[in-house]
Protein chains: 2
Amino acid sequence: MARKTRVTPKGLPLPGKPVRGSETGRPIMALLDLASRRGLLRIVWELRHGALKFRPLQQACGDISPTLLNQRMKDLREAQLVELSDEGYRLTALGQGLRRAFEPVSVWAEQWAQELNRN
Amino acid sequence: MARKTRVTPKGLPLPGKPVRGSETGRPIMALLDLASRRGLLRIVWELRHGALKFRPLQQACGDISPTLLNQRMKDLREAQLVELSDEGYRLTALGQGLRRAFEPVSVWAEQWAQELNRN
DNA sequence: AAAAATGCTACTGAATTAGTAGCATACGTC
DNA sequence: GACGTATGCTACTAATTCAGTAGCATTTTT
């Protein structure tokens, strides 16, 4: 019996293309795939206050390995969420939009913590 | 030279505990770790309209493997985001809160798609 | 009793990530 | 020109996570 052929590509998830777990190309699916790549959202989070160079960013992300950091920077640059400037890596306008959109989630996380502590 | 000892546990990321990539126990860090587990946010997303039983949920998530689905259900139940009822798996009040908090992100994803299509 | 549905486990192979070392280029300094 | 330093990044191996398939145990339905 042949193994199921891979239909979702290994490449970067972007809206309009099939991604891991979904063929529709819907933006939300691309985002969900992106978000599941370890460290990606963390990087966006750590860039919220401004640009950071490679090693400081690495530190800020809990001493993430340079391999992974660089992979994620490729992802983020291809997705046009981050760009490399003289001051280091920084969020693009799009990236800042994501960061803002993510704010309610971080607020919710605090409530989540409170609820869990009541049990 | 000894390898760096693992300090962040393999277990479920929850607020108050160290998680992969962060020792602080801050809720947002637990959430970022959770979000990076493949399929987890997707599951929350697919449960947005109500309860689903195991196999329908599996289908909705793009035929995710039952192994992974079950792992995620353990994660989500431990995090008190999902519970198993007679109608199947469904979001708890906390889980629904996350889903609502996630709404701006899904809206942003649409804008993201539009921006990328202009290039 | 038979059939179907349910939640779930076992197993192997593939993909992703962790962790460490170090390269290549650019820059300033002595 | 030799030296030290900072920069972004690559190479490599080992560990972890995930994909994909088969099928079990229990309950519900017919």
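Remember, predicted model here, so these are calculated numbers, not experimental data. Each chain gets a letter, A, B and so on, in the order the sequences are listed, and its residues count up from 1. The figures here come from the full heavy-atom set of this structure, side chains too, leaving out hydrogens, waters and symmetry mates.
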>> So, OP1 or OP2 of C:dA15: does either fall under 4.0 Å of a side-chain N or O from B:R38?
In response: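 The answer is no; no side-chain N or O of B:R38 sits under 4.0 Å from OP1 or OP2.
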> If you pin B:T67 and A:R72 to their nearest nucleotides in DNA chain C, which one's is more 5'?
Replying inline: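 Result of the comparison: B:T67.
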Given [options], the nucleotide with the shortest approach to the side chain of [X]:
| X | options | value |
| --- | --- | --- |
| A:R20 | C:dT16, D:dT21, D:dC18 | C:dT16 |
| A:R55 | C:dT17, C:dG22, D:dC12 | C:dG22 |
| B:K53 | C:dG7, D:dT21, D:dG8 | C:dG7 |

If I take atom [atom1] in residue [X] and atom [atom2] in nucleotide [N], what distance separates them, rounded to the nearest angstrom?
| X | N | atom1 | atom2 | value |
| --- | --- | --- | --- | --- |
| A:L68 | C:dA18 | CG | C1' | 8 Å |
| A:N70 | D:dT10 | CG | P | 5 Å |
| B:D33 | C:dT17 | CG | P | 12 Å |
| A:L57 | D:dG8 | CG | C1' | 12 Å |
| B:Q71 | D:dG20 | CD | C1' | 14 Å |
| A:D75 | C:dA15 | CG | C1' | 14 Å |
| A:I64 | C:dA18 | CD1 | C1' | 10 Å |
| A:E87 | D:dA6 | CD | C1' | 16 Å |

> If you look at every heavy atom in B:A30 and A:W112, which pair is closest and at what distance?
Replying inline: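 Heavy-atom minimum between the residues: CB-CZ3, 4.0 Å.
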>> Can you give me the closest heavy-atom contact between A:E46 and A:L52, atom names plus distance?
In response: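 A:E46 and A:L52 have their closest heavy atoms at O-CD1, 3.7 Å.
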Within the 4.5 Å heavy-atom criterion, are [X] and [Y] side-chain neighbours or not?
| X | Y | answer |
| --- | --- | --- |
| A:L68 | A:R72 | yes |
| A:R20 | A:R37 | yes |
| B:L34 | B:L12 | yes |

> Step by step, would you call B:L81 with B:L91 a side chain to side chain contact (heavy atoms under 4.5 Å, CB included)?
Replying inline: CA-CA 6 Å; B:L81 300 180; B:L91 297 177; 5.6 Å; no
> In residues 39-47 of chain A, which ones come under 4.0 Å of DNA chain C, going by heavy atoms?
Replying inline: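 Hits under 4.0 Å, by residue number: none.
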> Within 45° of the ring axis of A:W45 and under 6.0 Å from its six-membered ring centre, is that where the NZ or CZ of A:R42 lies?
Replying inline: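 That pair does not qualify as a cation-pi contact.
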